[in-house]
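Taking it in order: structure first as structure tokens, then the write-up.
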Amino acid sequence: MGETEVPTTSIDIRKNEKNGRLKALGVVFSKAFVQVPHKLQNFLKSQFRRLPKADGVKTVSSVPKKASSLEVDLEKQLQAWRENPSWDDQTPHIKVSVPKGSLCNLSVNVNVGLPPDAVYNIVTDPDNKRVFKNIKEVISRRVLVDEGLRQVVDLEQAAIWKFLWWSGTIAVHVLVDQNREDHSMKFKQVKTGFMERFEGCWRVEPLFVDEKTCFPFKPTTWADYHSHTGGKGRIGSKVSLDQLIQPSIVPPPPISWYLRGITAKTTEMLINDLLAETARIRGELNPERSDKEVEMSEEVLNQVDNTSNIKERWAMHRRNAKQCHRRLPTAK
């Protein structure tokens with residue numbers, strides 16, 4: 001008596017409203033907790049960006065350009081050659097092989113008396129027509145990719161060839177990928193025509209000329225070598241050239257023999273021109289010795305070029321190299 005009855009429907013409605021609010025709050029809290037790690041990470045990242053950079057830690061933007069440091073290293077290496085310019089050019093080692101379906105594969109190795117960067121400058125110089133006599137003219141040259149130390153160049157040249165009493169010119173259109181970081185220069189023919197494949201690679205590696213003075217240590221880096229020799233150690237270069245030549249139609253002997261002779265002769269001219277240029281540069285570093293060295297180099301090249309037989313030419317080249325070794329005084 002005196003009690004009022006609450007309808008059960010109104011109680012159910014309130015319970016449903018309460019449960020709905022709790023579920024909504026649960027969803028809000030769950031989303032908030034999920035977002036906390038992300039917000040925390042973003043906050044920490046923003047705070048770390050504001051912190052001063054620790055000493056000795058370099059970012060990409062703070063790393064000095066490698067090109068400038070290479071120029072400094074090259075000047076130090078050339079200074080060692082100024083103080084001790086003694087060097088005798090050696091006869092290049094040329095190996096000719098005949099892979100199946102190709103005319104020939106040439107592998108050349110020679111030690112050069114200049115640092116790798118100096119030699120690489122000669123090989124990649126856009127105006128190296130003045131050095132390599134088999135380049136008649138540069139028809140076109142376009143830099144397609146320039147990443148500082150690495151460049152990709154579209155190059156078309158007119159090359160001179162001569163063998164026995166024959167001579168002529170041939171157009172060479174190649175894509176050149178040159179990378180100063182490892183001193184490599186790869187080239188590959190762009191369009192096929194008379195030549196099905198014409199490709200190869202130049203490589204220049206450091207040669208520790210005065211390594212014996214470091215005994216019993218054996219330096220593996222220029223920094224170690226420079227330290228053990230007191231900055232007096234000279235750095236030369238191990239130069240290698242590998243190239244594959246494959247015409248569209250490989251002719252039968254004896255025509256193929258003559259074509260191999262032309263290829264070997266052209267490659268020989270390239271290496272001899274490179275050695276003559278390095279001798280000239282060494283002469284500028286040490287004028288007292290330059291006249292004798294350049295004169296003897298020209299004498300050797302003239303005698304070799306005037307000889308038509310390949311075997312006789314290489315035998316003469318070796319004899320002249322030995323004579324130069326005996327006649328040239330050694331700087332102390």
* Where is the tightest heavy-atom contact between Ser256 and Pro251, given as atom of each residue plus distance? -> CB-O, 3.3 Å
* Asked: Could you go step by step and tell me if Gln178 and Gln151 meet the side chain to side chain donor-acceptor pair (under 3.5 Å) rule?
  -> CA-CA 5 Å; Gln178 53 194 45; Gln151 286 186 332; 3.2 Å; yes
* State, yes or no, whether a side-chain contact exists between Pro115 and Leu78 at a heavy-atom distance under 4.5 Å. => yes
* Less than 4.5 Å apart, any side-chain heavy atom of Ser237 and any of Asn111? -> no
* Start with the C-alpha gap between Phe217 and Glu211, add the side-chain angles, then the distance that decides, and say whether side-chain contact (heavy atoms from CB on, under 4.5 Å) holds. => CA-CA 9 Å; Phe217 301 101; Glu211 185 178 1; over 6 Å; no
* Asked: Is Glu277 salt-bridged to Arg130, cutoff N-O under 4.0 Å?
  -> yes
* Asked: With distance as the sole test, does Gln189 use its side chain to make a donor-acceptor pair with the main-chain N or O of Lys191 at under 3.5 Å?
  -> yes
* Does the side chain of Leu103 come within less than 4.5 Å of Gln246's, by heavy atoms? -> no
* Tell me, with the steps shown, if Ile160 and Thr266 meet side-chain contact (heavy atoms from CB on, under 4.5 Å). => CA-CA 8 Å; Ile160 301 173; Thr266 304; over 6 Å; no
* Rounded to the nearest 0.5 Å, how far does OG1 of Thr91 lie from CD1 of Ile271? -> 12.5 Å
* To do: Keeping the roles fixed (side chain from Ser184, backbone from Arg203), state whether a donor-acceptor pair exists under 3.5 Å.
  => no
* **Leu74 side, atom CG; Asn121 side, atom CG - distance, nearest 0.5 Å** => 6.5 Å
* Enclosure of Arg142 CZ (heavy-atom neighbours >12, cutoff 6.0 Å) -> no
* What pair of heavy atoms forms the shortest contact from Cys104 to Val96, and how long is it? -> CB-CG1, 4.1 Å
* To do: Flag yes if Ile122 and Val138 sit in one hydrophobic cluster, no otherwise; membership is Ile, Leu, Val, Met, Phe, Trp, Tyr, and two members link when side-chain heavy atoms are under 4.5 Å apart.
  => yes
* When you look at Arg150 and Glu181, which way does the salt bridge (charged side-chain N to carboxylate O under 4.0 Å, His left out) test go after all the steps? -> CA-CA 8 Å; Arg150 177 178 175 265; Glu181 191 168 2; over 6 Å; no
* Asked: What distance do Arg234 atom CZ and Leu207 atom CG have between them, rounded to the nearest 0.5 Å?
  -> 10.0 Å
* Asked: Can you name the nearest heavy-atom pair linking Cys201 to Lys186, along with the distance?
  -> SG-CG, 3.7 Å
* Asked: Linking I/L/V/M/F/W/Y whenever their side-chain heavy atoms sit closer than 4.5 Å, directly or via other members, would Val176 and Val172 fall into one cluster?
  -> yes
* To do: Hey, can you tell me if Trp87 and Trp81 have their rings parallel, tilted or perpendicular (30° and 60° cut-offs)?
  => perpendicular
* **Check: Leu114 and Ile281 side chains under 4.5 Å, non-hydrogen atoms** => yes
* Asked: Less than 4.0 Å between a side-chain N and a carboxylate O, is that true for Lys218 and Asp224?
  -> no
* **Residues Thr267, Gln243; criterion side chain to side chain donor-acceptor pair (under 3.5 Å); working and verdict** => CA-CA 10 Å; Thr267 305; Gln243 61 180 9; 3.0 Å; yes
* Asked: What's the shortest heavy-atom distance between His228 and Pro219, and which atoms?
  -> CD2-CB, 4.4 Å
* **Side chains of Ile235 and Val209 in contact at under 4.5 Å (non-hydrogen atoms)** => no
* Working to the nearest 0.5 Å, report the span between CH2 of Trp257 and CD1 of Ile262. => 15.0 Å
* Of all the heavy-atom pairs spanning Thr229 and Gly233, show the shortest one and how long it is. => OG1-N, 3.1 Å
* **Aromatic plane relationship, Tyr225 with Phe208 - under 30° parallel, 30 to 60° tilted, over 60° perpendicular** => parallel
* Check step by step if side-chain contact (heavy atoms from CB on, under 4.5 Å) holds for Ser102 and Leu244. => CA-CA 8 Å; Ser102 67; Leu244 175 69; 3.9 Å; yes
* Test side-chain contact (heavy atoms from CB on, under 4.5 Å) on Arg260 and Val98 and set out the steps. => CA-CA 10 Å; Arg260 288 191 193 102; Val98 185; 3.4 Å; yes
* Are Lys129 and Glu137 ion-paired here, with the side-chain N under 4.0 Å from a carboxylate O? -> no
* Asked: Between Ser227 (side chain) and Ala223 (backbone), is there a donor-acceptor pair under 3.5 Å?
  -> no
* Asked: Does Arg82 pair with Glu75 as a salt bridge, N-O distance under 4.0 Å?
  -> yes
* Asked: Would you call Asp117 and Arg180 a salt bridge, taking side-chain N to carboxylate O under 4.0 Å as the test?
  -> yes
* Could you state whether Val145 and Leu149 fall into the same hydrophobic cluster, counting links through intermediate Ile, Leu, Val, Met, Phe, Trp or Tyr residues with side-chain heavy atoms under 4.5 angstrom apart? => no
* Asked: Do Met185 and Val152 belong together in a cluster built from hydrophobic side chains that touch within less than 4.5 Å?
  -> no
* Asked: Given the rule that I, L, V, M, F, W and Y join up when any side-chain heavy atoms are under 4.5 Å apart, are Ile170 and Val174 in one cluster?
  -> yes
* Below 4.5 Å, heavy atoms only, C-beta onward: do Asn105 and Pro99 meet side chain to side chain? -> yes
* Is a side-chain N or O of Tyr258 found less than 3.5 angstrom from the main chain of Pro253, in a donor-acceptor match? -> no
* Would you say the side-chain atoms of Ser107 and Asp242 include a donor-acceptor pair closer than 3.5 Å? -> yes
* To do: Inspect the contact between Arg282 and Asp89 and indicate whether a charged nitrogen and a carboxylate oxygen are less than 4.0 angstrom apart.
  => yes
* Does the side chain of Leu106 reach to within under 4.5 Å of the side chain of Thr263, using non-hydrogen atoms? -> yes
* Structure fact -> Scanning both residues in full, the closest heavy-atom pair of Asn109 with Ser240 reads OD1-CB, 3.4 Å
* Close side-chain approach of Ile135 and Asn128, heavy atoms under 4.5 Å -> yes
